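Reading through the structure tokens given below for one structure.
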Number of protein chains: 2
Amino acid sequence: MDAGPDLAALAGAVGDATRIRMLELLMEGRSLVAKELAFGTGVSPATATAHLKRLEQARLIRSTRQGRNKVFRLATPTVARMVEALMTVAVRGPRVSATPEPLRAARYCYDHLAGRLGMGITDALLRGGHLSLRRRAFALTPSGEEWFEAFGIKLAPLRDQRRQFAHRCLDWSERRDHLAGALGAALASRVFSLGWVERQPDSRGLVVTPSGQRGLKRHFGSL
Amino acid sequence: MDAGPDLAALAGAVGDATRIRMLELLMEGRSLVAKELAFGTGVSPATATAHLKRLEQARLIRSTRQGRNKVFRLATPTVARMVEALMTVAVRGPRVSATPEPLRAARYCYDHLAGRLGMGITDALLRGGHLSLRRRAFALTPSGEEWFEAFGIKLAPLRDQRRQFAHRCLDWSERRDHLAGALGAALASRVFSLGWVERQPDSRGLVVTPSGQRGLKRHFGSL
DNA sequence: TCCATCGTTCGCTCCATGACGAACCATTTC
DNA sequence: GAAATGGTTCGTCATGGAGCGAACGATGGA
């Protein structure tokens with residue numbers, strides 16, 4: 001009877017304040033254990049379990065056991081894109097500029113860098129001719145391949161991943177798109193392991209360290 | 001306390017089977033009166049009123065009075081994009097190929113053509129050099145401007161609209177993008193008024209008329 | 001003017017489900 | 001082993017809200 005995708009089931013899974021908050025947390029946090037999600041949504045562990053189960057049944061998140069912990073992450077980049085679209089709609093009118101400064105400046109979006117930092121880096125790579133624009137993605141130019149390898153990112157394993165290589169992700173706070181996909185994730189991870197950015201404890205968003213300031217300036221010019 | 005967009009409110013509005021179904025109907029139908037939405041979701045007029053009010057308060061839809069009717073449409077193209085993203089996630093696994101053939105072939109997506117018809121036309125325009133790809137949109141080439149004017153579409157008023165001119169919309173059934181925005185809407189409307197496609201009564205989806213077959217072939221080659 | 005149609009408001013019922021605490025299992029640590 | 005920690009299961013409670021019918025305004029047509 002009902003044709004097309006089963007939106008009702010999905011809407012039911014998404015349409016709860018606590019669950020959507022969990023998805024939101026996972027957008028920034030890459031992966032979190034159950035307790036963090038319970039705490040982050042202000043709900044008891046028992047309640048969190050129920051919500052996480054439901055989200056998992058709807059295939060919006062996936063979990064793996066790590067010892068006595070259970071870590072959760074968004075199931076697919078497609079889900080991340082959906083949450084992003086929801087956030088884009090949810091931001092409206094006077095609330096636009098109410099996005100807290102730290103979040104506008106730098107934050108994770110799923111598993112890559114977003115906010116002005118993510119966009120600045122993307123723009124710098126475009127200006128430098130390391131990336132070019134394609135229909136639904138970015139493409140890595142020959143000079144870009146060199147650049148990424150020199151930056152310490154091995155490209156071969158990234159290409160082997162099943163996910164999109166250099167996806168374009170639209171940012172809800174800045175309304176422009178930035179590098180995502182396997183390459184975006186690798187870049188974020190590299191910048192993180194270089195100690196250039198750090199997660200702010202107990203707050204969402206990222207901070208650029210002093211050495212990060214220098215490094216970013218050296219590699220990307222003024223962001 | 002809660003930073004960023006107010007996802008909870010939005011999720012609440014979206015997270016109901018009847019309401020999401022209404023949004024789905026509006027994706028295909030451009031605009032519908034309250035009764036059609038009630039009937040289409042299998043719900044009493046009284047219930048429909050409540051849902052429509054809620055959707056309107058969440059600014060997902062807008063309404064205008066026409067005599068004793070009240071016609072509803074999606075509030076913004078951004079909302080359409082969000083619903084599209086939800087549909088993309090909702091289609092999964094074995095259901096992918098379960099999308100009914102008529103809907104895969106031709107249908108409205110918000111206010112422009114989608115399905116294979118929409119993509120075929122978009123591809124033909126790209127191949128013919130009438131459209132080119134830009135970062136988040138299509139761009140109309142000089143030859144494209146001629147083409148659209150010759151096809152009976154005045155471009156000037158379209159450019160004056162506040163909405164995006166030639167947006168790229170990702171299709172949930174075909175997973176590729178097609179022409180949307182003001183230009184896409186105008187194209188769909190033109191093709192419709194030429195009598196090339198017709199809405200299927202009581203079914204979702206569109207049919208291409210015999211004269212449409214000829215006309216499309218003449219203008220776009222084999223789709 | 002009267003009637004038909006469309007939509008809304010109101011009062012009501014009823015079910016789904018979100019929330020919790022307490023007890024329980026599983027894993028790591030000491 | 002025992003203790004500590006993370007997660008799950010279960011039973012219960014409360015509430016939100018989805019649904020309807022009936023009565024009511026408003027509009028348009030005959």
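No experiment lies behind these values; they were computed from the predicted model shown. Scope of the values below: all heavy atoms of this structure, side chains included, with no hydrogens, waters or symmetry mates. To find a chain, count down the sequence lines: A is the first, B the second, and so on, and within it residues start at 1.
- Put simply, CD on B/E56 is 13 Å from C1' on C/dT8, counting in whole angstrom units.
- Each of A/L74, A/V79, A/L26 was compared with A/Y110 under the side-chain contact (heavy atoms from CB on, under 4.5 Å) criterion, and only A/L74 meets it.
- Although no hydrogens or angles enter the test, the distance criterion places no donor-acceptor pair under 3.5 Å between the side chain of A/N69 and the main chain of A/V71.
- Atom CD1 in B/I20 sits roughly 17 Å away from atom P in D/dG17 (whole-Å rounding).
- Considering only side-chain atoms of B/P45, the nucleotide from D/dG7, C/dT8, C/dA4 that sits closest is C/dT8.
- Remark: aromatic rings of B/F151 and B/W196 are close, center separation under 6.0 Å.
- Look at B/K53 and you'll find a side-chain N or O under 4.0 angstrom from OP1 or OP2 of C/dT9.
- Rounded to an integer number of Å, the gap from CZ of A/F39 to C1' of D/dT5 is 17 Å.
- Note: CZ (B/R68) to C1' (D/dG29) measures 7 Å, nearest angstrom.
- Nearest-nucleotide mapping onto DNA chain C: of A/G12 and A/Q66, the residue sitting toward the 5' end is A/G12.
- The nearest whole Å value for the distance from the CZ atom in A/R21 to the C1' atom in C/dG18 is 17 Å.
- Of the side-chain N and O atoms in A/T18, one or more sit less than 4.0 angstrom from OP1 or OP2 of C/dA19.
- Listed for the B/R19 side chain is a donor-acceptor partner under 3.5 Å among the backbone atoms of B/A13.
- For B/K70 and C/dT8, the shortest distance from a side-chain N or O to OP1 or OP2 is below 4.0 Å.
- Not one side-chain nitrogen or oxygen of B/T49 sits closer than 4.0 Å to the OP1 or OP2 atom of C/dT9.
- Expressed to the nearest 0.5 Å, how far CD of B/E56 lies from CZ of B/F72 amounts to 5.5 Å.
- Regarding contacts with the backbone of D/dA18, every side-chain N or O of B/T47 stays at 4.0 angstrom or more from both OP1 and OP2.
- Residue A/D16 contributes atom CG, which lies 12 Å from atom C1' of D/dG16 at whole-angstrom precision.
- Taking atom CZ of A/R54 as the reference point, atom C1' of C/dA19 lies 15 Å away to the nearest angstrom.
- Contact annotation for A/A46: base contact, defined as any heavy-atom pair under 4.0 Å involving a base atom.
- For A/R19 and C/dG18, the shortest distance from a side-chain N or O to OP1 or OP2 is below 4.0 Å.
- Where A/V43 and A/R65 each meet DNA chain C at their nearest nucleotide, the meeting point lying more 5' is that of A/V43.
- Per the geometry, NZ belonging to B/K35 stands 14 Å off P belonging to C/dA4, to the nearest Å.
- For A/H51 and C/dT17, the shortest distance from a side-chain N or O to OP1 or OP2 is not below 4.0 Å.
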